[in-house]
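Every chain is numbered from 1, with letters handed out A, B, ... down the list of sequences.
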Amino acid sequence: MSELEGSVLRAIHDQQQIADSGEYALSQSVDHLTLVGIIKSLAASELITVEDIDHFRYALSDEATSYLAAGSPEAQVFKVVPEEGLPLSQLKVLLPGDIGDVGFKQAMQQKWLATDKSGGEPKIIRKVDCITDKTQQLLKDVAEGKEIDKADAEALKKRKLIRNETWKTYKLGKGAKFALERVKPATDLTAEMIQKGTWRTQEFKEYNFNALGAIPSGGHLHPLLKVRTQFRKIFTQMGFEEMPTNNYVESSFWNFDALFQPQQHPARDAHDTFFLTKPATTTTGVPEEYLQRVKDVHQNGGYGSIGYGYSWKLAESQKNLLRTHTTAVSSRMLYRLAQDGFKPAKYFSIDRVFRNEAIDRTHLAEFHQVEGVICDRGLTLGDLIGVLHQFFSRLGLPKLRFKPAYNPYTEPSMEIFSYSEELKKYMEVGNSGMFRPEMLRPMGMPEDVNVIAWGLSLERPTMILYGIDNIRDLFGHKVSLSMVKRNPLCRLGL
Amino acid sequence: MPTVGVKRDKLFERLGRTYTDSEFEDLCFEYGVELDDVTTEKEIIKKERNTVLEEANEEVLYKIDIPANRYDMLCVEGIARAFNIFCGNIAAPKYKLADMTGKKPLQLVVKPETALVRPFIVCAVLRGVKLDSASYNSFIDLQDKLHQNLCRNRTLVAIGTHDLSTIQAPFTYEALPPEDIKFVPLKQEKEFRADELMQYYLDHDQKLKKFVPIIKDSMVYPVVYDSKRTVLSLPPIINGARSAISLDTSDVFIECTATDLTKAKIVLNTVCCMFAEYCKTPFEVEPVEVMDALGKSQTYPDLTYRQLDVPLDFINKSLGLSLETEAAQKLLAKMQIESRASSAAQEGTLSLLVPPTRSDVLHACDIMEDVAIAYGYNNLKINVPATVTQGKELALNQLTEMLRQECAMAGYTEILTWALCSKAENFEFLRSQDDGNSAVEIGNPATFEFEVCRTTLLASALKTLGANKDAPLPVKLFEVSDVVMLSSSHDVGARNERRLVAVFSNKESGFEVVHGMLNRIMEILGVPYKGSDPVMESRAGGSYHWEQSSEAAFFPGRQAKVVAFGKVVGHFGVVHPEVLEKFEIPYPVSALEINVEPFCYDQKYKPLLVTL
């Protein structure tokens with residue numbers, strides 16, 4: 001608080017008022033404008049009341065100020081005219097400029113001077129002996145703040161010697177919240193206020209409830225992986241064990257041949273699959289007898305199948321690729337399960353798979369496949385439908401319908417459709433089926449063991465859930481960080 | 001999945017009733033095909049050429065997706081027949097060979113040279129065929145569809161159909177040097193030499209040029225002649241003009257040449273069974289004797305109904321049903337599977353006959369599926385499997401989940417980037433050389449930027465920073481994902497490695513920020529700083545520390561390698577300005593990348609890493 005503000009408040013306190021701020025400013029030897037700043041601020045805080053005092057006076061022009069000492073132009077002209085007169089041309093020499101012209105005209109009007117043209121050359125002559133310089137007197141009166149006659153004032157205004165001047169000063173009184181010291185409202189509660197207890201008397205600034213709060217500085221999880229977390233929970237809650245899917249590079253054998261996918265199948269075309277030049281082939285790891293059984297079942301059938309009846313090529317099965325589905329891992333797991341001695345198992349995985357496709361709004365060269373597998377004696381297609389109902393209900397998709405489909409390694413195969421309440425129609429949400437005996441039996445799986453499985457992409461439900469219509473906005477380096485930061489919780493499985 | 005376009009009204013005429021689109025969609029759904037689109041030729045032209053062709057056909061077209069194993073449904077004849085049988089409108093037709101008693105079948109002789117290029121041929125004759133323009137077009141379309149799908153663009157099988165009245169048996173299937181083959185091909189008026197014809201197609205024929213490479217470089221080209229040396233076809237490219245079929249053709253000679261005999265037989269059966277409905281004696285096909293190079297004679301087509309005995313119990317147990325024999329037989333009849341009367345000895349076994357059209361039936365499980373379809377998937381009894389197992393996460397993935405949470409808690413935002421990248425991004429951009437021994441290389445990428453599997457997460461994180469230049473500073477990102485390294489100790493020659501990357505970008509480098517992140521991560525992983533806590537060190541079986549390093553991707557003097565349990569597990573440092581320039585990042589960046597696999601252990605530091 002400034003010193004001046006303190007003295008203003010004390011003055012009002014002592015005298016109940018300050019009658020005129022102009023006088024007060026003079027008395028304190030401060031500029032009135034400075035005082036006005038303080039008055040306005042105090043009034044805004046309702047510490048003081050303010051009444052306007054309007055002031056009026058005439059003020060001298062610069063020109064008039066110079067006449068205070070030297071006299072009015074007409075008096076000055078009269079003075080330079082001697083008794084014998086003065087040639088008109090001389091006047092311009094003695095009093096050049098406006099003073100001569102204006103003074104001569106005024107003196108002529110006052111009838112102080114006259115012109116005489118009898119001698120040929122015009123000459124100024126006196127008509128009176130002495131004069132009273134009334135104009136000078138009036139200007140002096142104005143300068144001293146004395147009142148002057150209205151008619152005189154008008155005449156002076158016409159001659160632009162004086163002008164009207166108005167200004168305000170203020171009468172100050174005690175306001176509703178008058179105090180000797182002003183307390184500024186605080187924006188926030190501080191530790192100091194709490195320590196000193198000043199929060200009790202502290203006034204607080206009104207909070208702007210229309211603005212958003214500050215953004216928390218913590219980190220964020222990616223929406224697709226939030227969905228993955230929920231899927232993992234749903235699977236583990238349903239008793240599924242996670243498969244080790246951290247092997248993107250796979251041999252054609254495990255990705256296709258072991259699944260009874262014939263070597264001429266379109267999926268094995270370079271158009272659909274990333275084949276590798278390094279490491280180009282896998283020549284180890286598959287026991288000879290198993291390899292032979294797989295070859296046999298493709299070529300000649302067996303286990304009740306007629307097979308595909310084509311010449312199976314070892315080299316084709318050795319070609320390395322980036323796995324096109326996580327079912328490649330399932331086939332390794334099931335083979336191991338059969339080797340280790342069968343016991344019932346439920347497996348799941350959520351991991352990346354690769355397709356050699358051009359990238360667009362709905363396709364990426366890599367995406368996440370969600371897969372569930374149940375392996376037990378005597379499983380039925382009704383069991384598959386039952387477990388799918390359980391699983392998809394957890395995803396908030398309780399209304400399912402199943403369509404017959406074709407898949408080289410499952411029979412029966414079922415496409416899973418779910419009713420969308422928003423779109424009022426069934427949408428495809430995944431694929432499922434029972435693994436074919438031609439896949440399971442060569443692995444050494446007992447005849448009465450059935451394996452039911454289903455798969456879906458992780459991206460599609462996520463895009464629906466978060467309203468993303470371009471897959472490139474979800475997965476990859478071009479994803480906007482603010483999208484990652486601003487997406488809500490994934491409530492799947494709640 | 002092949003898509004077949006059929007005229008709706010023609011289809012409904014065959015089905016003997018009309019359907020609304022939604023009714024028809026439901027029928028398709030139940031059967032396992034899909035009504036993909038309802039359109040007209042005019043609309044298709046409009047979409048494809050972006051012009052309105054006034055004279056274009058406005059009949060409603062149904063585009064129907066057919067499963068990739070139902071070759072018998074690649075034409076309107078087959079679709080209508082399948083639906084009619086399914087709906088009980090008709091019984092499945094009986095496909096049979098003409099009785100050749102007292103008649104000698106037409107003969108085709110195979111020359112041994114064909115083994116060099118395209119060893120197999122199978123043939124058949126359709127007698128007294130009446131085709132109108134619709135069925136003629138359907139006949140051609142079916143061949144196209146078969147060529148595209150089962151025939152794998154004619155590499156495995158190629159079909160030739162001929163007007164038998166224009167040619168003279170016996171036929172020969174030969175393989176000759178291209179310069180020795182001369183004929184007028186279909187749609188041409190002048191005679192071509194085979195090698196010149198190949199060049200002509202390469203230069204002038206968009207449709208045929210893609211088949212040329214199948215035989216172009218062969219020493220000999222396959223060719224089918226009649227007894228007067230008329231060229232019937234130069235498979236798998238083109239037929240001769242002379243024997244072309246037309247609306248006036250009555251007797252059709254069909255030959256399928258192949259590199260895969262099984263598929264050739266399926267293709268021949270499909271074409272015969274579908275179009276024998278237009279024969280004078282419907283569904284009767286006249287056989288052709290094929291004499292192979294060894295002088296062995298074989299008659300085609302083989303329209304034998306394959307016998308298949310399927311225990312009823314297998315079907316019921318697989319589907320969770322308790323169907324009686326008769327009920328199962330009735331359901332199978334809807335799917336074109338005939339039943340023979342079972343003998344007493346075969347009680348509980350369905351004795352079935354699989355028609356030549358159902359080449360997809362390989363095993364009893366295919367019959368079981370047919371029962372399920374005919375019964376209705378959506379009518380099956382829903383059951384919950386009784387399989388009791390324990391839910392379990394993979395330790396490495398569970399650790400990953402925990403680390404992700406901790407990174408986010410430390411103020412880092414998670415990114416998720418591709419495992420595939422260009423060689424430049426993986427090596428040159430990071431100021432390193434591809435030594436040829438680290439990255440997995442892709443041979444046939446459709447997108448040029450996917451040349452290798454990344455061997456580092458750093459490039460991916462920097463790419464993300466480069467793509468998010470407008471993000472308010474500081475930017476803190478992390479990812480826990482796999483990189484792929486070549487590895488001779490793995491059967492496939494490569495292995496994944498789980499890594500964690502954290503990057504910090506601001507107006508100053510923030511070296512101490514990623515350094516702090518390393519300390520924090522080691523703290524939560526329970527790895528003591530070397531020399532800081534001997535008790536914990538002995539419990540953990542080791543410690544970690546960092547040493548100044550000289551990695552090309554980092555700024556000299558502002559980088560260190562991380563050593564844990566005696567091994568280098570990662571690096572951190574200020575990213576080299578030349579690297580930033582490559583990724584178009586205008587601000588300094590500090591980064592940390594570590595392998596998290598050495599830290600996959602339980603609370604007693606027992607390793608939990610599992611490999612397949």
Is the shortest distance from a Lys or Arg side-chain nitrogen in B:D482 or A:R352 to a carboxylate oxygen in the other one below 4.0 Å? no
Examine whether an atom of A:F348 lies under 4.5 Å from a heavy atom of chain B, and if so say whether it belongs to the side chain, the backbone or both; otherwise answer neither. side chain
With a 3.5 Å distance limit and no angle check, can you tell me whether A:N356 reaches the backbone of B:A446 through a side-chain donor-acceptor pair? yes
Apply salt bridge (Lys or Arg N to Asp or Glu O under 4.0 Å) to B:E393 and A:R232, showing your working. CA-CA 8 Å; B:E393 289 176 70; A:R232 293 165 59 80; 2.4 Å; yes
Need one label for A:Y347: side chain, backbone, both or neither, based on atoms under 4.5 Å from any heavy atom in chain B. neither
Expected output: side-chain B:N149 to main-chain A:P266 donor-acceptor under 3.5 Å: no
Under 4.5 Å heavy-atom distance to chain B, tell me which part of A:L224 shows up: side chain, backbone, both or neither. side chain
So what's closer than 4.5 Å to chain B heavy atoms on A:E366: side chain, backbone, both or neither? side chain
Region of B:R306 that comes under 4.5 Å of a non-hydrogen atom in chain A: side chain
Given A:Y406, which of B:N69, B:D360, B:V33, B:I66 fulfils the side-chain contact (heavy atoms from CB on, under 4.5 Å) condition? B:N69
So, the part of A:E411 with a heavy atom under 4.5 Å from chain B: the answer is both
In terms of heavy-atom proximity below 4.5 Å to chain B, should A:M243 be classed as side chain, backbone, both, or neither? backbone
Please classify the contact between B:F314 and chain A as side chain, backbone, both or neither, with a heavy-atom cut-off of under 4.5 Å. neither
Under the salt bridge (Lys or Arg N to Asp or Glu O under 4.0 Å) criterion, do B:E401 and A:R228 qualify, and how do the steps go? CA-CA 10 Å; B:E401 291 282 282; A:R228 183 179 75 177; 3.6 Å; yes
Do you see a donor-acceptor pair shorter than 3.5 Å between the side chains of B:T413 and A:H220? yes
Bottom line for B:R404: the part with an atom under 4.5 Å from chain A's heavy atoms is both
Turns out that what part of A:L322 lies under 4.5 Å from chain B's heavy atoms comes down to side chain
Which bit of B:L156 is near chain A, if near means a heavy-atom gap under 4.5 Å: side chain, backbone, both or neither? side chain
Heavy-atom distance under 4.5 Å to chain B: side chain of A:T229, backbone, both or neither? both
Could you tell me which portion of B:T259 (side chain, backbone, both or neither) has an atom closer than 4.5 angstrom to a non-hydrogen atom of chain A? neither
Polar side chain donor-acceptor pair, B:N496 to A:N247, under 3.5 angstrom: no
Interchain contact, A:V387 with chain B, by part (heavy-atom threshold 4.5 Å): both
One should read off an interatomic distance between A:T380 OG1 and B:I315 CD1, to the nearest 0.5 angstrom, of 14.0 Å
Sort A:E415 into side chain, backbone, both or neither according to what part of it lies under 4.5 angstrom from a heavy atom of chain B. side chain
Cut-off 4.5 Å, heavy atoms of chain B, and the answer for A:S349 is neither
Engaged part of A:L276 at the chain B interface, taking heavy atoms whose separation is under 4.5 Å: both
Which atoms of B:L319 approach chain A - backbone, side chain, both or neither, heavy atom under 4.5 Å: both
To the nearest 0.5 Å, what is the distance between NE2 on A:H222 and OG on B:S481? 10.0 Å
Salt-bridged, A:D383 to B:K381, with N to O below 4.0 Å? no
Answer with side chain, backbone, both or neither: which region of B:N444 has an atom nearer than 4.5 Å to a non-hydrogen atom of chain A? both
Please examine the side chains of A:E438 and B:H363, heavy atoms only from C-beta on, and report whether any two atoms are closer than 4.5 Å. yes
Non-hydrogen atoms of chain A under 4.5 Å away: do they reach the side chain of B:D65, the backbone, both or neither? neither
At a 4.5 Å cut-off on heavy atoms, which part of A:I350 comes close to chain B: side chain, backbone, both, or neither? neither
Under 4.5 Å from any heavy atom of chain A, what part of B:V452 do you find: side chain, backbone, both or neither? neither
Using the six-membered ring of B:F29, assess whether NZ or CZ of A:R401 lies under 6.0 Å from its centre and within 45 degrees of the ring axis. yes
Applying a strict 4.5 Å limit to non-hydrogen atoms, the region of B:A68 in contact with chain A is both
Contact origin within A:F435 toward chain B - heavy atom pairs under 4.5 Å: neither
Under 4.5 Å heavy-atom distance to chain A, tell me which part of B:Y412 shows up: side chain, backbone, both or neither. backbone
